[in-house]
Amino acid sequence: MHVVVVGSFNLDHVWQADTLPAPGATLAGRYHTGPGGKGFNQAIAACRAGAETAFFCALGDDAGARIASHLAKIDGLRLIAHLSANTPTGSAGIFVDRQGRNSIVIGAGANAELTPAHLAAQDTLFRLAKVVLVQLETRIDTVHKALAMARDAGARTVLNPAPANAESSAELLALADVITPNETEFAALIARHTALQIPAEAVASASDAVLHSHCRTLHPGGSVVITLGSAGCFVSHGENRHGDSHSHYRLPACPAKVVDTTGAGDAFNGAFCAAWAQHPCRALAEHLTFASRYAARACEREGAALAMPQLAPA
Ligand code: RIB
């Protein structure tokens, strides 16, 4: 197994309109529904980027669960789901504007019922993994357990600390070899975990020296990859540079004709882990360059999981 993803599955309900709705506004838009959830999107991306992938999640006993199983089967994703009899599959209400920007409301549903005890039986799966990838749409104790099991098993660990308002602890961050916040998530982590402050809008334009220093304070034992949308990403390493020559650097974004940015970060994370797992001896910068290319293609299509392209690293 190349990649194990532990995380959320949501049934996404998406409305596309000219603008995002202001409080009290009623807009006319176009509706579609489809599979999503940060965990599932990342797992499908890893799969479609050529990695043998397993996804561990919790689902209700309903149509959402059947959609997850159906797509996993088509994509060759190994789906291991705890089935909740009384709680519906997770859901998300998503508004997308003309520029492809989104606002999202989550109903956790069964995602909130995935416990550390459910993971405990998956020891063999973790021992087979090259890279274990988690996000924060799942209970923090379960995310913690997944990273701890991955560390014990000798797998590389990646934490995508999304969404920005999710709880996290210093112990949790310390279990990740690489954390991958976007600028909003990075600003939230800095405010929560350090005595420093940086507004989300100032992250992309901050100097490399300032960003590197903030990253080192936030995550002294590991690497930080800050995704910056059309400004690319910033990379900061600690002692382990994972094959890179520089302690910190920027990579440009790939040009894209943006239709929908929902799941862009998920595309990046899934593709990055897939590339790292398949080619563990290559420099991290190479995997991140591939991930940017992969995410750009995902933004050119509507939807979340279904927008992930079939594109493997060369
Ligand atoms: O990252 C995008 C995802 O966030 C959507 O698919 C939605 O389900 C929410 O989890």
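Computed from heavy atoms alone, side chains included, the values below leave out hydrogens, waters and symmetry copies. For the single chain, residues carry numbers from 1 onward in sequence order. Start at 1 and go down the list; that is how both ligands and their atoms are numbered.
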Under 4.0 Å from any heavy atom of [X], which atoms of ligand 1 are there?
X: G36; answer: 6 (O), 8 (O)
X: A92; answer: 7 (C), 8 (O)
X: A304; answer: 6 (O)

To check you understand the geometry: which heavy-atom pair defines the closest contact between Q99 and D97, and what is its length?
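The answer is N-OD1, 2.9 Å.
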Side chain to side chain contact (heavy atoms under 4.5 Å, CB included), that's the test. Do D266 and M308 meet it? Break it down for me.
CA-CA 9 Å; D266 300 332; M308 301 302 166; 4.2 Å; yes
Test item: side-chain donor near acceptor, T138 and N111, under 3.5 Å:
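Looking only at side-chain atoms, N111 and T138 do not form any donor-acceptor pair under 3.5 Å.
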Nitrogen or oxygen atoms of [X] and ligand 1 under 3.5 Å apart:
X: D12; answer: yes
X: N41; answer: yes
X: I106; answer: no

G263 near ligand 1, heavy-atom distance under 4.0 Å?
yes
Touching ligand 1 at all, G37? Heavy atoms, strictly under 4.0 Å?
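Yes, G37 has a heavy atom closer than 4.0 Å to ligand 1.
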Given 3.5 Å as the limit, does a donor-acceptor pair link the side chain of R216 with the main chain of H237, or not?
yes
Counting non-hydrogen protein atoms only, what is the nearest one to [atom]? Give residue, atom name and distance.
atom: atom 10 (O) of ligand 1; answer: E137 OE2, 2.6 Å
atom: atom 1 (O) of ligand 1; answer: D266 OD2, 2.7 Å
atom: atom 4 (O) of ligand 1; answer: K38 NZ, 3.2 Å

With the side chain counted from C-beta on, respond yes when N240 and S223 share a heavy-atom pair under 4.5 Å apart, and no when they do not.
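Contact flag for N240/S223 side chains = no.
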Enumerate the residue pairs fulfilling ring-ring contact (aromatic ring centres under 6.0 Å, His included) with a member in residues 165-219, sequence neighbours excluded, ordered by first and then second residue.
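The answer is H212-H248.
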What pairs meet the ring-ring contact (aromatic ring centres under 6.0 Å, His included) rule with one or both residues in residues 49-72, with sequence neighbours excluded?
F40-F55
Are L133 and L159 linked, directly or through other ILVMFWY residues, by side chains that come within less than 4.5 angstrom of each other?
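No: no chain of side-chain contacts under 4.5 Å links L133 to L159.
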